[in-house]
Peer 1: 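Okay, handing you the structure first.
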Amino acid sequence: MERGFQGGRVPQIFETAEGLRLVAARQDPAWRNWGPYLSDRQWGTVREDYSAGGDAWTYFPHDHARSRAYRWGEDGIGGFGETYLRWCLSLALWNGRDPILKERLFGLTNGEGNHGEDVKELYYYLDGTPTHSFMRMVYKYPQAEFPYAQLITENCRRSLDEPEFELLDTGLFDESRYFDVEISYAKAAPDDILMRVRATNRGPDAARLTLLPQMWARNLWSWKPGIEKPALRRDGGAVLATHPELPPLRLHADRPDAWLFTENETNTHRLYGTGPAEGLFKDGFNRHVVGGEAGAIHDGSGTKCAARYDIDLAPGETHTIRLRLRPANVGGEPFADYDAVFGAREQEADAFYAALQAPVTDPDQRLVQRQALAGMLWSKQLYHYDVREWLVGDPGQPMPPEQRRHGRNSEWMHLRANDIISMPDCWEYPWFASWDLALQSIVFAMIDPDFAKKQILLLIGDAYSHPNAALPAYEWGFEDANPPLHALAAWKVFELDRALTGKSDHDFLKRVFNRLTLNFTWWVNRKDANDRNLFQGGFLGLDNIGIFDRSKPIGGGATLTQSDATAWMAMYALNLMRIAIELALEDQTYEDMAGKFFEHFLLIAAATGDGVWDEADGFFYDVIEAPEARLPIRVRTMVGLIPILAVAVLKEADIERLPHLRERLVFFQQNRPDLWRLVSRWNEPGVGRSALLSLLRGHRLKALLRRMLDPAEFLSDHGVRAVSRAYAQAPFCFNWNGQDLGLAYEPAESRSRLFGGNSNWRGPVWMPVNYLLIASLNRFHDYFGPDFTVEAPTGSGRMLTLRQIADEISRRLIALSTRGPNGTRAIYGESRIEQEDPHFRDHILFYEYYHGDTGRGVGASHQTGWSGLVALLIQELTEP
């Protein structure tokens with residue numbers, strides 16, 4: 001049993017109203033059919049890029065988004081949609097000053113920002129339930145003209161050494177001259193959707209705001225012949241929605257000033273100078289509301305509609321608008337029970353989280369945990385991408401350039417994605433990444449283990465995994481390699497699910513295991529260039545942590561053996577072994593596979609000791625394997641700490657029940673003592689008659705921890721840094737092929753554009769690897785027990801057990817978001833508004849990474865995907 005989620009309390013979440021819906025959804029998924037499945041940004045994605053050179057940002061910029069129909073998805077503010085986005089809801093706004101209608105979130109492209117792409121809006125995901133029976137977010141809209149040009153110009157002007165220029169830096173919020181616009185959804189039934197918008201004037205003067213809650217059909221008809229168009233048409237005081245694939249619905253709005261209709265069609269005249277200048281296009285509402293064009297809209301039909309509300313708000317005043325989308329055959333007053341339904345769903349959400357958070361006594365931790373989970377839930381998205389169709393093009397559109405057939409993702413023509421997937425960040429990263437999704441699944445298992453299991457199974461299935469068994473990394477390069485975390489994630493999801501439900505889902509484990517054994521073989525065959533059990537994984541998610549672009553050859557006829565790639569593979573072998581043992585306890589045909597992965601782990605352990613461990617330095621390093629020599633790159637980074645993650649604790653009682661596996665272990669003990677002695681204390685029973693398997697003998701573990709826990713190197717007040725702070729004043733230098741290459745400690749925004757401006761593993765604290773380190777330290781403690789202590793922090797004279805160290809790192813990570821003794825949150829640094837303003841200070845953002853010295857949030861601001869792991873850390877730290 002993993003630490004956390006033990007005892008009889010947690011299953012109470014399935015006794016709540018929301019929990020019962022989750023149980024019912026196993027047989028009938030109707031309650032999952034509507035959710036926040038729109039992207040925050042569909043423009044600038046690979047899927048919408050039909051250029052010859054693959055410059056997605058330039059091919060489909062923000063300026064095109066309001067006028068150009070999307071091929072593969074939809075976006076919007078506070079978007080909510082049917083599973084395949086055949087019908088979509090979202091909110092548009094206008095403050096009477098902006099040059100365009102605010103229909104989607106604005107941000108900078110990779111080339112516009114001095115630190116890369118970045119959303120330049122203020123919005124917060126505040127609440128949500130797993131079936132999306134209740135969802136709530138808030139968008140903060142300036143009353144002055146939105147500073148589009150200023151944000152672009154100033155960020156382009158700034159150097160890599162300067163901070164990013166943010167929306168709060170413009171001064172538009174200094175006197176609270178903005179609107180708080182809360183967007184909420186509640187379900188009266190699976191297909192009965194209530195939408196509520198509450199707009200509050202936070203400023204000192206009266207202000208006018210135009211709100212346009214919208215409904216539209218995703219454009220599926222422009223790409224292929226024979227696709228019947230859906231229709232929205234005025235039906236008395238409501239709008240009737242008919243779709244060839246769905247039952248009819250009716251949209252009700254409570255006393256709108258007007259109904260507006262247009263078509264979800266591309267305005268080719270505006271974009272390309274072709275086609276008619278007049279007509280009904282996707283940008284019709286913008287042209288009508290902002291531009292005053294009467295002919296830009298229709299008053300009774302189309303494929304896109306909006307209820308218009310022009311409201312005047314006194315200082316501090318709140319105005320609420322109500323909408324309801326329900327089956328067309330349901331009669332009666334649509335708003336008679338509206339407030340009661342919303343109230344009930346809010347109470348049910350409170351009851352669900354009260355059950356989950358029973359052991360969490362600190363109210364601020366409860367707030368942070370709930371908003372972290374809300375961000376996870378809001379970041380689900382329909383991810384639709386058929387690579388073959390994308391490469392070949394559509395019959396109803398111009399043929400794509402020939403270069404595309406041999407360009408990005410051209411070797412992944414089998415990939416057919418059309419699923420609800422947990423995104424890392426729906427604006428910055430509105431596409432899955434393999435290791436992100438594995439980690440996100442673990443967090444989802446806290447509240448929705450069924451969804452978590454489906455996410456684990458997704459990428460290893462036939463629609464995604466390559467015929468050669470590779471998993472797709474991310475849409476900018478499916479062929480790249482992310483750390484192989486699916487086995488670890490599957491095991492943790494299995495354990496959390498078993499603790500929540502009291503049942504062992506071995507069918508899930510078998511499906512995962514059978515596919516991952518193929519993927520493990522792909523790694524062995526493709527990423528071990530010299531068949532030495534030393535691996536050259538490539539990118540591996542750590543972006544610019546090294547002196548080379550690890551996705552590319554390093555030149556000179558050499559290869560780069562990676563400490564982290566080798567350790568990830570050792571970890572992979574141990575996790576597959578652990579899964580095989582679990583399965584073998586009920587089906588002994590899995591015993592041989594457990595032995596196979598044990599043997600492979602031993603071979604990797606032997607190679608690691610000879611290949612990437614430096615005994616003099618007490619650290620693991622990448623090594624250049626050149627024709628004439630082996631050159632270690634002696635730079636202390638997270639790459640050298642990854643071997644800590646390769647650890648497993650075996651129970652003697654389990655091994656006793658598996659005689660064939662035990663026989664295999666004895667064989668290695670007697671016949672390959674050279675391999676056997678490399679594995680840390682394999683045959684010395686530990687706490688509870690357990691056995692430890694790891695890459696680290698006792699002295700190696702202590703040597704690594706001495707570095708990791710040194711405040712002058714890796715240990716920050718806010719977690720474990722990605723690069724040693726020793727390189728702050730004296731950057732690491734290395735000469736290769738006549739070039740002087742180097743790496744400095746960069747605790748926040750990166751000065752390297754190796755992988756884009758927001759990619760910085762050169763000093764900040766990253767939540768995912770910190771979480772994995774914590775989990776591994778706990779596994780070591782399970783074996784060593786309370787008698788094994790290490791000085792922590794290094795030089796302090798304080799001796800702590802490994803569990804105490806893990807808990808201390810957890811507390812530092814949690815404290816990034818919670819209020820400190822002085823009442824401030826580290827993530828917001830010196831931002832007075834975010835620290836002090838009562839309408840900001842309890843809205844939590846979950847950043848891509850955190851400043852290595854101050855804890856300030858850096859990078860993508862809504863990266864709940866893996867920074868949402870803080871929710872799990874809070875739970876595990878407070879569980880008995």
Peer 1: Salt-bridge test for Asp710 and Arg725: reply yes if a basic N is under 4.0 Å from a carboxylate O, no otherwise.
Peer 2: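 Here Asp710 does not pair with Arg725 in a salt bridge, since their nearest N and O are not under 4.0 Å apart.
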Peer 1: Can you tell me if Asp622 and Gln562 form a side-chain donor-acceptor pair at under 3.5 Å?
Peer 2: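 No, no side-chain donor-acceptor contact under 3.5 Å.
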Peer 1: Any salt bridge linking Arg751 with Glu746? Criterion: basic side-chain nitrogen under 4.0 Å from a carboxylate oxygen.
Peer 2: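 A salt bridge is present here (some side-chain N lies under 4.0 Å from a carboxylate O).
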Peer 1: Under the 3.5 angstrom rule, does the side chain of Glu162 hit a backbone N or O of Ser159 as a donor-acceptor pair?
Peer 2: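 Answer holds: yes.
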Peer 1: Is the distance between the ring centroids of Phe619 and Tyr621 under 6.0 Å?
Peer 2: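 Yes, the ring of Tyr621 comes within the 6.0 Å limit of the ring of Phe619, centre to centre.
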Peer 1: What's the shortest heavy-atom distance between Ala646 and Leu574, and which atoms?
Peer 2: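 Where Ala646 meets Leu574 most closely, the heavy atoms are C-CD1, 3.6 Å.
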Peer 1: Decide whether Asp543 and Ser759 meet the rule of one side-chain donor and one side-chain acceptor closer than 3.5 Å.
Peer 2: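 Note: Asp543 and Ser759 side chains meet the donor-acceptor criterion.
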Peer 1: Would Val639 and Ile545 satisfy side chain to side chain contact (heavy atoms under 4.5 Å, CB included), going step by step from the backbone distance to the final call?
Peer 2: CA-CA 8 Å; Val639 164; Ile545 197 167; 3.9 Å; yes
Peer 1: Just say parallel, tilted or perpendicular for the rings of Tyr850 and Tyr847, cut-offs at 30° and 60°.
Peer 2: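 Rings of Tyr850 and Tyr847: perpendicular, as their planes differ by over 60°.
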Peer 1: Could you give the distance from CD1 (Ile442) to CH2 (Trp491), rounded to the nearest 0.5 Å?
Peer 2: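 Separation between the atoms: 13.0 Å.
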Peer 1: Please lay out, stage by stage, how Thr801 and Phe788 fare under the test side chain to side chain contact (heavy atoms under 4.5 Å, CB included).
Peer 2: CA-CA 6 Å; Thr801 68; Phe788 188 96; over 6 Å; no
Peer 1: I'd like to know if Glu599 and Arg672 make a salt bridge, using a cut-off of under 4.0 Å between side-chain N and carboxylate O.
Peer 2: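 Between Arg672 and Glu599 there is no salt bridge, as every charged N stays at least 4.0 Å from the carboxylate O atoms.
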Peer 1: What are the two closest non-hydrogen atoms of Asp425 and Ala860, and how far apart are they?
Peer 2: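 Taking Asp425 first and Ala860 second, the nearest heavy atoms are OD2-CB, 3.4 Å.
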Peer 1: Find out whether the Lys NZ or Arg CZ of Lys120 is both under 6.0 angstrom from the six-membered ring centre of Phe165 and within 45° of the ring's axis.
Peer 2: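 No, Lys120 does not sit over the ring of Phe165.
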Peer 1: Is the shortest distance from a Lys or Arg side-chain nitrogen in Glu164 or Arg158 to a carboxylate oxygen in the other one below 4.0 Å?
Peer 2: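 Arg158 and Glu164: not salt-bridged.
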Peer 1: Determine whether the side chains of Tyr429 and Glu848 contain a donor N or O and an acceptor N or O closer than 3.5 Å.
Peer 2: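 There is such a pair (donor and acceptor under 3.5 Å, judged by atom type) between the side chains of Tyr429 and Glu848.
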Peer 1: Are a donor atom and an acceptor atom from the side chains of Glu625 and Thr561 found within less than 3.5 Å of each other?
Peer 2: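 Yes - a donor-acceptor pair under 3.5 Å links their side chains.
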Peer 1: Could you go step by step and tell me if Asp617 and Arg636 meet the side chain to side chain contact (heavy atoms under 4.5 Å, CB included) rule?
Peer 2: CA-CA 10 Å; Asp617 286 4; Arg636 294 189 297 280; 5.5 Å; no
Peer 1: Side chains of Tyr474 and Asp436: do they bring a donor and an acceptor to under 3.5 Å?
Peer 2: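 Note: Tyr474 and Asp436 side chains miss the donor-acceptor criterion.
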Peer 1: For this output row, return yes or no: ring centroids of Phe520 and Trp522 closer than 6.0 angstrom.
Peer 2: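 For Phe520 and Trp522, the ring centres are not under 6.0 Å apart.
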Peer 1: Just one of Arg721, Arg762, Glu713 clears the side chain to side chain donor-acceptor pair (under 3.5 Å) bar with Tyr745, so which one?
Peer 2: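 Result: among Arg721, Arg762, Glu713, Arg721 is the only option passing the side chain to side chain donor-acceptor pair (under 3.5 Å) with Tyr745.
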Peer 1: Whether Glu791 and Arg706 form a salt bridge (side-chain N of Lys/Arg under 4.0 Å from carboxylate O of Asp/Glu) is what I want to check.
Peer 2: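 Judged by the 4.0 Å cut-off on N to carboxylate O distance, Arg706 and Glu791 do not form a salt bridge.
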Peer 1: Under a plain distance cut-off of 3.5 Å, with no hydrogens placed, do Ser750 and Asn544 share a side-chain donor-acceptor pair?
Peer 2: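 There is such a pair between these side chains.
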Peer 1: Which heavy-atom pair separates Val649 from Arg779 by the least distance, and what is that distance?
Peer 2: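 Between these two residues, the closest heavy atoms are CG2-O, 3.2 Å.
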Peer 1: Do Asn737 side-chain atoms and Gln739 backbone N/O form a donor-acceptor pair below 3.5 Å?
Peer 2: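 Pair absent, no side-chain N/O of Asn737 close to backbone of Gln739.
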Peer 1: Among Asn778, Leu777, Ile774, which residue satisfies the side-chain contact (heavy atoms from CB on, under 4.5 Å) criterion with Ile805?
Peer 2: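 Passing option: Leu777.
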Peer 1: Please answer whether the main-chain N or O of Ala748 pairs with a side-chain N or O of Asn760 as donor and acceptor at a distance below 3.5 Å.
Peer 2: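 Between the backbone of Ala748 and the side chain of Asn760 there is a qualifying donor-acceptor contact (under 3.5 Å).
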Peer 1: Please confirm whether the ring centroid of His466 lies under 6.0 Å from the ring centroid of Trp412.
Peer 2: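 So the answer is yes for these two rings.
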Peer 1: Please assess His718 against His851 for the test side chain to side chain contact (heavy atoms under 4.5 Å, CB included), listing each intermediate value before the final yes or no.
Peer 2: CA-CA 8 Å; His718 312 285; His851 193 294; over 6 Å; no
Peer 1: Would Trp568 and Trp523 count as a close aromatic pair, with their ring centres under 6.0 Å?
Peer 2: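 Not close enough - the centres of the two rings lie 6.0 Å or further apart.
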